[in-house]
Structures are given as C-alpha cells and as structure tokens.
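Quick note on labels: first sequence line is chain A, next is B, and so on, each numbered from 1. Everything quoted here is computed from the prediction, not taken from an experiment.
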Amino acid sequence: MAKPTFYITTPIYYPNDKLHIGHSYTTVAADAMARYKRLRGYDVMYLTGTDEHGQKIQLRAAEAGKPVMQFLDEIIEWIKDLWDKLDISYDDFIRTTEPRHTKVVEEIFERLIDQGDIYLSDYEGWYCTPCESFWAERELVEGKCPDCGREVQYVSEESYFFRMSKYVDRLLQFYEEHPDFIQPESRKNEMINNFIKPGLKDLCVSRTSFDWGIPVRRDPKHVVYVWLDALTNYITAIGYGSDDPKMRAKFEKYWPADVHFVGKEIVRFHVIYWPIILMALGLPLPKKVYGHGFLLMKDGKMSKSKGNVIDPKLLIDRYGSDAIRYFLLREIPFGQDGVFTPEALVERLNFDLANDFGNLVHRTAAMLHRFVGGRVPLPGARTDAEEELAELAGQTLRDLEQHMDEMQFSVALADIWRLIRAANKYIDDMAPWALHKRGDEERLRTVMYTVAETIRLVSVWVQPFIPRAGLQVLEQYGIAPEFRTWESTRTFGAPIGQSPVEQRPPLFPRLDVDEELEALAGLTRGRDGAPASRATDAEAAGHGAKQEGQRVESTATPTGVQTKETIGIDVFDQVELRVGQIRAADRVPNADKLLRLEVDLGAETRQIVSGIAKHFQPEELIGKKVVVVVNLKPVKLRGVASNGMILAASTEEQLQLVTVPDFMPNGAVVK
RNA sequence: GGCGGCGUAGCUCAGCUGGUCAGAGCACACGGUUCAUACCCGUGGCGUCGGUGGUUCGAAUCCACCCGCCGCCA
C-alpha cells in the first residue's frame with residue numbers, strides 16, 4: 001500500500017528585503033511538522049518559496065541599480081542559504097517568476113474570464129505607492145496614507161475583478177462542514193463577522209499601473225495582481241496545469257494540501273479568497289489553514305525603525321541552528337504571539353538544552369565508560385523504578401503525538417522534557433556510582449541500560465525539532481537504524497545492549513548569561529542606524545507583507561583578516577565615536593561580568609554598562625580616557641541602563657581598553 | 001464605534017464542558033549528591049486566580065457591569 005501523503009506549505013515570502021527571524025519562525029514550524037510526518041511514515045511534500053512580482057520589487061531593484069531578475073536572484077540566494085543554515089528540509093522552492101508558475105497563472109486567468117468569474121471594470125481610490133495599498137476616501141488620515149502618513153494619489157484604473165460574492169454561500173457551508181478548517185478557531189469568527197457578513201467585495205486581480213507581473217494574455221497592458229498570482233503557487237508548484245503528465249500525477253497525488261501555515265495577517269486571504277479561487281477552478285479545498293502568531297520583541301513588533309530587527313543568520317552563527325529552532329518552537333505557543341527576549345533565549349538554551357538534555361547525554365556516556373566498559377549493558381530484572389520510567393515514556397509518546405497532531409509544538413516539547421527531567425531524577429535516585437562502588441553489577445547494568453534506552457527514545461522524538469542533536473546522540477550511542485524509527489519508540493526495552501557508546505563533547509555549551517546578553521544587545525541594535533523610511537512594521541510572514549529590512553548589498557569577497565561584509569564609508573560614518581573619561585565605576589548587582597560606568601563626555605556624563613568586570617577592578621578604571629560609541633541605541637543590561645559602548649581590544653584571555661592620551665579633551669571626536 | 005480575546009505566584013504561563021484547580025518551569029531560601037557542562041535531586045515560602053455584583057449547596061472556572069491590555073474590522 002502506498003504511503004499516505006502529507007502536503008504542507010509556508011507562505012511564499014516577498015523578497016524585497018532580507019527575511020528576519022519572524023519568517024524563520026513560520027518556516028521552522030512547518031519544517032518541524034514536515035520532519036515529524038516523515039518520521040511517522042508519510043510521503044511528505046514540503047513547499048516554500050517567494051512571491052516575486054509587484055511594483056515594490058521593481059522599485060527596490062531600481063533603487064539598487066540592478067536588473068530586476070538579478071536583484072531577485074541575489075535575495076533568493078540569500079534566502080536559500082538561510083534555510084540551509086536552519087536545516088529546513090523543504091522538498092521544493094517555488095519562485096513565482098518561474099515558467100511553471102507564470103504559464104499556468106496565465107491560463108487560469110483566461111479560463112476564469114471565460115467562465116465569467118473575472119470581469120473588467122474600473123478601480124477607483126487613493127493609492128500609496130510605497131505601501132502598494134489602495135485606500136478609500138474615508139480611510140485616509142488628513143489626506144495621507146493611514147499606514148505610513150505619506151502622500152497618496154487618486155487613481156482610476158481599469159481592472160479585472162474576481163466575482164467573490166457568487167461563492168459566499170458555498171464558502172460558509174464549507175466552514176460549517178469543516179469546523180477545523182481555520183485554526184486557531186478564534187480567527188474564524190473574525191473572518192465571518194468582518195468580511196463575509198457585511199458582504200464580500202469583489203477582489204481586484206489586475207493592474208495597469210506597473211508591469212512587473214504576469215501579463216494577462218488577452219489584454220497584456222494588465223498584469224495579474226497579487227493574490228491570484230501568489231496563492232496559486234500552492235498548486236502550480238506541484239504540477240497543476242502542467243504539460244508534463246508526471247507533474248500532473250504529482251498534483252493528483254498531493255492535492256489538496258493538508259495544511260497551509262500562514263502568519264495571522266494573511267489568514268483572510270487563505271480562508272476566503274483562496275478557497276473561492278479553488279471552487280472556481282473546480283478543485284478540492286485545502287484541509288486546514290493555520291494562522292500562527294508573531295514573534296514580538298520586548299518593545300513590540302519587529303521593525304527597523306525601532307532598531308529591533310534581528311538577522312537570523314547572526315543568531316544561527318552564534319548559537320547553531322538547533323538552538324534557534326528549539327527556542328522558536330518551545331517559546332512561542334503555536335497560534336499565539338511570543339516574545340523574543342535575550343534572557344529567554346539564553347535561559348532556554350542553558351536550562352533546557354545544556355542542563356537537561358545535553359547533560360543527561362553527557363553524564364550517561366561518562367558513566368557507561370567509567371562503570372560498564374563503554375557499551376550499553378544488558379539489563380537485568382526491572383524494578384518498580386524502571387517500570388515507572390517505562391510507563392512515563394509510553395505516556396510521553398501518546399501526549400507528544402497528540403500535541404503534534406494539534407500542531408502545538410511548544411507543548412510537544414514540554415512533553416519530551418518531562419521525560420528528560422524524569423531520567424535525570426532516576427539517575428539521582430538510583431545513584432549508579434553507589435551501585436558501582438558497592439559492586440551491585442546487575443542493578444548497575446539495569447539502571448544504565450534504562451537510562452540509555454530513555455535517551456534513545458528522546459533522541460528519536462527530538463528530531464523534528466532539533467535534527468542535528470537528535471541524530472548526533474543516536475550515532476553517539478551506536479543505535480542501530482531499526483531502533484531509530486518512530487515506531488520503534490513504542491516499545492521501551494529495545495535490544496540495544498552491547499552498543500558501543502562514544503564520549504563526546506557536550507551537545508550544547510552552557511552559556512555565560514552576561515556575555516550573551518551583551519552580545520545579543522549588540523545584534524539587536526540594528527546595524528544601519530538609518531531611520532526607517534516609514535513606520536510600518538515588518539510582519540512575521542506573508543505575501544505582500546510590508547517588510548523593512550536590510551537591502552542586499554553585493555557580496556563581498558572576504559580577504560585576509562576581513563570576515564564581515566565590506567561596508568561603505570557612509571555606513572561607518574553612522575557610528576559616532578568620542579573621547580570619554582571614566583568618572584565612576586562599580587559592579588552591577590547579580591552580574592559577574594558587568595561594570596556600571598559613569599563616563600564624562602564633555603557636554604554630558606553618561607551611564608554605560610560594560611562587560612569587563614572580569615578584567616578590571618572598578619577603582620583602577622577611574623580617570624581613564626576611553627573611546628565611546630555615543631550613538632548606540634540605549635539598552636538595559638540586568639536592569640541597568642547603558643547608553644553607549646566602550647571600545648576594547650580582546651583575545652580569548654585578555655582585554656584592554658582602547659585609551660586616548662590625557663590631553664585630548666572629553667567629547668573629542670574619534671574617526 | 002462593531003466583533004473577538006486576554007488579565008492566575010517576582011517572571012513566563014497551564015488550568016476543557018463549575019466541586020483535591022490553586023498548579024508547572026524559571027527566580028529565591030535551605031538541604032542533599034558527585035556520574036556530569038558549578039550539573040542534578042529534594043524541601044520551602046510566596047498568589048484575596050484584574051475589580052464589583054449575581055447564579056449555585058459550591059466559581060479562577062457560568063452571567064452582568066466596570067477597569068486595563070491586545071487582535072480583526074470600520
């Protein structure tokens with residue numbers, strides 16, 4: 001019998017800028033689901049991609065002085081590299097500029113006109129070019145764009161429209177027959193009350209005001225506008241409308257999709273317009289649309305103007321993909337918003353990954369070597385303690401599967417960690433070192449086997465979330481392939497005795513909290529202090545979502561000592577350095593590494609927190625003339641405000657402040 | 001303004017259709033342990049479950065109103 005299929009998608013992202021950690025969240029969640037389903041024996045199709053049309057792309061490319069396709073290719077390369085770094089196991093990556101997509105969209109459009117679902121009319125309204133948004137007269141704020149506050153133009157444009165109203169009754173009936181279609185449920189009411197009950201408006205599906213898009217075949221001054229282009233990626237990618245019979249078979253195999261993961265801001269398009277488009281095409285509807293929440297920063301949504309956008313690659317480089325994946329999936333209840341704080345990140349990594357899981361694996365390997373010759377021993381008779389752990393393992397598997405089916409990743413991880421904690425506790429209760437000392441070989445073997453077996457189960461289960469660590473432990477513990485399968489974890493007591501176990505360095509390093517908080521403060525300070533061109537926030541994910549981020553610069557070839565991208569003098573010039581004199585210094589309570597400094601900059605005296613307490617006594621700093629970055633965004637470290645940064649040179653062991661001769665006045669510019 | 005949601009220990013949050021539901025993790029205090037990444041284990045204090053009324057034998061859990069946040073829409 002053929003394997004059951006599972007088709008899962010992320011939104012296609014709008015590549016007018018680099019993506020941020022919010023996009024990574026959607027993609028990581030979908031990846032965890034895809035990996036889970038593969039482990040469960042499904043034939044999985046996991047699709048992601050990019051939505052590459054629209055005026056804003058065109059404008060961005062022009063700003064960058066590049067041909068549009070070149071501009072896009074460079075960003076797509078960056079995005080694919082990000083997914084590689086995050087271990088995203090997508091099966092296909094669709095770009096809406098590919099012929100397999102554009103050709104089919106053209107045909108769909110023709111067909112829908114012929115069917116009478118699409119008709120020609122006029123679109124009137126106020127248009128904000130940067131936001132690519134139309135506004136009704138009454139929506140304007142003092143005649144300006146309500147989103148960004150900039151000028152809008154009145155436009156009257158001939159447009160094609162999709163007759164949505166025709167399908168409303170069928171849509172409502174579908175909702176009723178498929179109560180789980182929209183997740184979380186609360187979104188469903190919003191949709192019905194806000195869009196459907198008041199009367200669903202026809203959707204504008206073409207534009208004549210720009211030409212970076214798929215032309216309408218019979219009327220090429222029009223290009224297909226956003227949703228009919230973007231949403232259809234979910235079917236064109238798997239072969240809908242293809243000339244190739246193999247691809248058509250693929251479509252038959254995977255459609256309808258099992259779930260579309262989307263950010264909550266685009267739920268509406270996926271649960272109203274997309275089903276209606278599919279009805280018009282006579283295709284079955286997707287089984288589920290899951291609108292997840294946003295990853296917020298402490299001070300609200302991520303946005304460039306707040307300087308709180310984090311480049312995911314910097315995080316991955318520092319902590320590794322497993323760590324970032326774990327944090328995203330554990331910290332944010334799927335469907336709700338979650339908050340990114342440096343403290344939460346470091347604590348999750350230290351407590352859950354290093355202390356609980358990593359240490360369990362590490363201490364067990366050490367004991368296996370020290371007590372029983374470096375192999376998983378053969379167990380003797382079980383006692384109540386072993387039965388209890390086995391029982392908990394069985395319960396954990398049941399809970400885990402249930403929560404994964406509900407797509408509650410954070411709860412599923414909590415389930416696994418409950419067993420990890422129990423295993424750590426079991427070790428303490430059984431005290432193998434005491435058994436060893438006492439010479440109780442049979443008990444010792446039983447205990448060590450039981451711990452190894454628990455580690456085996458956990459390592460299999462953990463793979464959808466942190467694939468590297470899971471696989472690494474299975475290899476370290478010499479687990480045979482047949483005991484790495486999901487099904488094999490239904491039994492506690494697999495014959496893994498005699499497997500040779502390696503001693504390896506800890507899976508996850510324990511992080512120094514102060515050091516990391518300071519480093520993360522640096523990462524979130526936003527590296528291009530330029531004020532954002534508009535106030536809209538970078539949304540977590542989505543078609544046409546309004547995103548601010550860094551423009552992709554041409555890729556520099558690092559040479560010699562250089563490891564970062566080459567920057568222009570204009571970028572460096574944004575950093576304001578001045579001479580400052582340390583007037584006072586004392587330790588920050590509850591922090592090993594932090595000193596609170598008062599620095600005299602001539603015109604003012606500022607408080608700056610610096611992570612140099614390991615290298616200096618507070619007294620010896622008084623009077624020193626140092627170089628201060630004065631235009632850094634203020635941050636709080638351990639609750640103490642820091643309004644700048646002191647420059648220092650450092651190696652692994654040493655650290656010296658960059659100092660200036662005493663005759664230079666406080667406040668003098670350094671450049 | 002309309003619709004919806006939320007407000008539970010210092011922090012982040014679980015608590016479905018009312019009766020061991022007053023909980024978990026972190027933080028804090030004390031104790032234990034040494035295999036391990038100063039790690040793990042145990043014990044303990046802490047909460048008027050946003051406020052006020054009401055339904056009920058009994059409400060964090062249902063209802064009404066109020067306060068404060070938030071989401072979608074207008």
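G15(B) and C6(B) are spaced 11 Å apart, taking the P atom of each and rounding to whole Å. Rounded to whole Å, the separation between the C1' atoms of C35(B) and A29(B) comes to 27 Å. Atom P of G45(B) sits at a distance of 39 Å from the matching atom of G71(B), rounded to the whole Å. A14(B) and G47(B): their C1' atoms are spaced 15 Å apart (whole Å). The separation of U20(B) from U37(B), taken at their C1' atoms, amounts to 40 Å, rounded to a whole angstrom. A gap of 33 Å separates the C1' atoms of C57(B) and C13(B), to the nearest Å. Across the P atoms, C26(B) and C39(B) are found 12 Å apart, a figure rounded to whole Å. A gap of 8 Å separates the P atoms of A9(B) and G50(B), to the nearest Å.
In terms of modelled atom types and a separation under 3.5 Å, the side chain of E347(A) and the main chain of A344(A) share no donor-acceptor contact. Counting only distance, with no hydrogens or angles, the side chain of T446(A) and the backbone of R382(A) share no donor-acceptor pair below 3.5 Å.
Checked for salt-bridge contact, R325(A) and D87(A) miss the test: no charged N lies under 4.0 Å from a carboxylate O. Remark: R445(A) does not engage E442(A) in a salt bridge, criterion side-chain N to carboxylate O under 4.0 Å.
Whole-Å rounding puts the Q408(A) CD to C16(B) P distance at 14 Å. The separation between D415(A) atom CG and G25(B) atom C1' is 14 Å, rounded to whole Å. Atom CD in Q402(A) sits about 12 Å away from atom C1' in C16(B), given to the nearest Å. Here the C1' atom of nucleotide G25(B) and the CZ atom of R418(A) are 13 Å apart, to the nearest Å. Taking atom NZ of residue K201(A) and atom C1' of nucleotide C73(B), one finds them 10 Å apart after rounding to whole Å. For the pair I266(A) CD1 and C72(B) P, the interatomic distance rounds to 13 Å; values are reported in whole Å. When the P atom of C72(B) is taken as reference, atom NE2 of H270(A) falls 17 Å away, rounded to whole Å. The CD1-P distance, from I420(A) to C41(B), rounds to 12 Å in whole Å.
Searching all strands for a Watson-Crick or G-U wobble partner of C62(B) with both distances below 3.5 Å returns G54(B). Across every strand in view, G68(B) sits in a pair with C6(B) that passes the Watson-Crick or G-U test at under 3.5 angstrom. Of the nucleotides present, none pairs with U33(B) by Watson-Crick or G-U wobble criteria with both distances under 3.5 Å. The partner of U20(B) is absent, by the rule that a Watson-Crick or G-U pair needs both atom distances under 3.5 Å. Using the Watson-Crick or G-U wobble rule with both distances under 3.5 Å, G44(B) pairs with C28(B).
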Under 3.5 Å, which donor-acceptor pairs link side chains of residues 175-182 of chain A to any protein atom two or more places apart or in another chain?
unit_1, atom_1, unit_2, atom_2, d
Y175(A), OH, V271(A), O, 2.5
E177(A), OE2, Q173(A), NE2, 2.9
H178(A), ND1, F174(A), O, 3.1

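Side-chain nitrogen and oxygen atoms of R330(A) include none within less than 4.0 Å of the OP1 or OP2 phosphate oxygen of U12(B).
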*For every nucleotide of nucleotides 30-40 of chain B, 5' to 3': is a protein heavy atom under 4.0 Å from its base (B), only from its sugar-phosphate (S), or from neither (-)?*
--BSSBBB-SB
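In this structure, the side chains of Y13(A) and T26(A) come closer than 4.5 Å at one or more pairs of heavy atoms.
Taking the six-membered ring for Trp and the full ring otherwise, W227(A) and F269(A) have centroids separated by under 6.0 Å. Between W417(A) and Y326(A), the ring center distance clears the sub-6.0 Å criterion.
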